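Each ligand, and each atom within it, is numbered from 1 in the order the structure gives. Remember, predicted model here, so these are calculated numbers, not experimental data.
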Amino acid sequence: MSANQRLLERSLAAVWHPCTQMQHHLDGDGTPLIPIARGQGPWLYDFDGKRYLDGVSSWWVNLFGHANPRINAALKAQLDTLEHVILAGFTHEPVVELSERLAALTGGRLGHCSYGSDGASATEIALKMSHHYWRNTGHPEKDRYLCLENSYHGETVGALAVTDVSLFKEAYAPLVRPAGTVPSPDWRRAEAGETAADVARRAAAALEARLEKEHAQLAALIVEPLIQCAGGMAMHDPLYLKLARELCDRYGVHLICDEIAVGNGRTGTYFAHQQADIIPDFLCTSKGLTGGYLPLSVVLTTDKVYEAFLDEKVSRAFLHSHSYTGNALACRAALATLDIFQEDRVLERNREKSARFDALLAPLKDHPQVRHYRHRGMIFAFDVADAPADFSRRFYKACLAREILLRPFGNTVYFMPPYVVEEAELAFLSERAAAALEEALS
Ligand SMILES: *Cc1c(COP(=O)(O)O)cnc(C)c1O
């Protein structure tokens with residue numbers, strides 16, 4: 001039995017893989033489980049040396065490639081100094097420096113960092129902190145939330161309350177106290193003659209009607225700025241964020257920007273909300289924060305929110321803790337990642353890569369069944385019309401057979417490559433994806 005085969009059998013016997021119908025792996029002719037022996041740059045390799053180009057950045061987290069020598073070196077040095085220490089009552093260099101540098105990236109306007117271990121816990125922190133702020137300032141009745149249609153903010157029970165993707169929600173609905181939903185500014189909703197900005201204005205008008213009625217009970221509106229990723233790479237005009245910010249201010253409701261997927265340079269600026277020239281009350285960052293190395297999330301907030309928790313009473317303090325809060329290794333990986341952004345002028349170079357990949361995707365854009373091609377920064381997506389019911393699995397498998405890793409949502413195909421991809425790899429990705437599309441539709 002090959003090394004690949006041995007690992008597959010052990011994995012199928014012992015590991016319950018996430019977001020997966022395990023039966024599909026157990027059926028002999030089903031979706032293959034891929035054993036990975038090692039990674040290098042944007043490539044993943046199995047035990048026989050078969051390779052895959054990681055077109056989804058390993059679930060949107062990897063920015064500067066697998067086994068990045070600079071992040072590795074920073075982590076090895078940190079490992080010999082301090083791996084972890086309790087963050088209650090204690091502090092350490094990596095968590096201090098990371099907090100300072102993240103705050104600086106918001107122009108100092110979000111000057112306080114609270115730490116979690118993954119994206120969903122950042123959502124939980126922002127939701128809890130918003131309500132607790134209102135409670136501390138004499139408005140305990142503000143305990144409701146609004147989210148956008150088709151939003152995704154994580155899958156823990158609190159985060160599911162503001163998630164509107166039915167697949168993730170259906171089975172667990174009885175456990176959840178659901179938030180209100182308002183229309184998405186997704187530009188694909190444009191009617192004849194409407195621009196993306198018109199759709200944004202329409203969605204903002206619906207938001208205003210909702211805020212007018214419910215603001216007294218509402219703690220916060222939570223949005224994924226510019227792109228609702230897990231909801232199908234739905235993109236919107238930055239105008240929506242500007243209007244939502246104005247409305248939240250007018251009605252005394254917090255604005256939470258969930259930048260877990262769209263932050264860390266993904267949409268072209270370090271944070272996505274910067275393209276709308278606004279500042280949220282709470283900013284969640286996680287996925288790309290550590291360059292895809294270690295689980296870590298941060299919620300940044302304002303002096304105003306922070307100061308509302310200061311008091312002699314412990315019950316007025318923010319109460320949310322995870323065992324690994326502010327883990328030193330994860331913070332060090334995040335610092336090494338920020339260094340690469342600076343030293344390599346990554347945002348600037350990504351602008352060229354983004355334009356180049358957009359041009360390379362031209363043949364796909366012109367495919368008769370491709371609709372709504374869209375891109376922003378290092379995210380590219382399109383929808384496939386008249387696709388077979390099992391399109392996403394067919395396409396996924398056709399991609400793997402062509403050495404590329406892409407995982408469509410239903411009929412929406414997207415690319416979210418790590419920032420280290422080179423021109424030749426982008427060409428490889430677009431050519432192979434085009435061939436995989438033909439096979440999946442045949
Ligand atoms: C992935 C994601 C989350 C959840 O992060 P996890 O680390 O998977 O818990 C929350 N919000 C958005 C926008 C995401 O893309």
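For ligand 1, the atoms lying closer than 4.0 Å to a non-hydrogen atom of A120 are 4 (C), 5 (O), 6 (P), 9 (O). Remark: ligand 1 atoms within the under-4.0 Å shell around heavy atoms of D118 are 7 (O). Interface of Y152 with ligand 1, defined as ligand atoms under 4.0 Å from a residue heavy atom, comprises 1 (C), 2 (C), 3 (C), 11 (N), 12 (C), 13 (C), 14 (C). Those atoms of ligand 1 that come under 4.0 Å of a heavy atom in A261, given as number and element, are 15 (O).
Between the side chain of R210 and the main chain of T181, a donor-acceptor pair closer than 3.5 Å is present.
A cation-pi arrangement is present between R38 and Y45, with the terminal nitrogen or guanidinium carbon under 6.0 Å from the aromatic centre and inside a 45° cone about the axis. Geometrically, R51 engages F428 in a cation-pi contact defined by less than 6.0 Å to the ring centre and at most 45° from the axis.
For atom 6 (P) of ligand 1, the nearest protein heavy atom lies under 4.0 Å away.
The residue from D258, I227, L296 that puts a heavy atom closest to atom 12 (C) of ligand 1 is D258.
Remark: ligand 1 and E224 share no N or O pair separated by less than 3.5 Å (distance only, no angle test). Looking at G119 next to ligand 1, an N or O pair under 3.5 Å apart turns up. No N or O atom of S286 sits closer than 3.5 Å to an N or O atom of ligand 1.
For the pair W60 and ligand 1, a heavy-atom separation below 4.0 Å is found.
Using a 4.0 Å cut-off between heavy atoms, K287 contacts ligand 1 through its side chain alone, with no backbone atom that close.
Atom OH of Y324 has 12 or fewer heavy atoms from other residues, nucleotides or ligands within 6.0 Å.
Put simply, the side chain of S430 reaches to within 4.5 Å of the side chain of F357, judged on heavy atoms. The side-chain heavy atoms of F309 and H132, taken from C-beta on, include a pair separated by under 4.5 Å.
Side-chain contact check for H17 and S11: at least one donor-acceptor pair (N or O, by modelled atom type) lies under 3.5 Å.
Salt-bridge check for D143 with K128: failed, with every basic side-chain N at 4.0 Å or more from each acidic carboxylate O.
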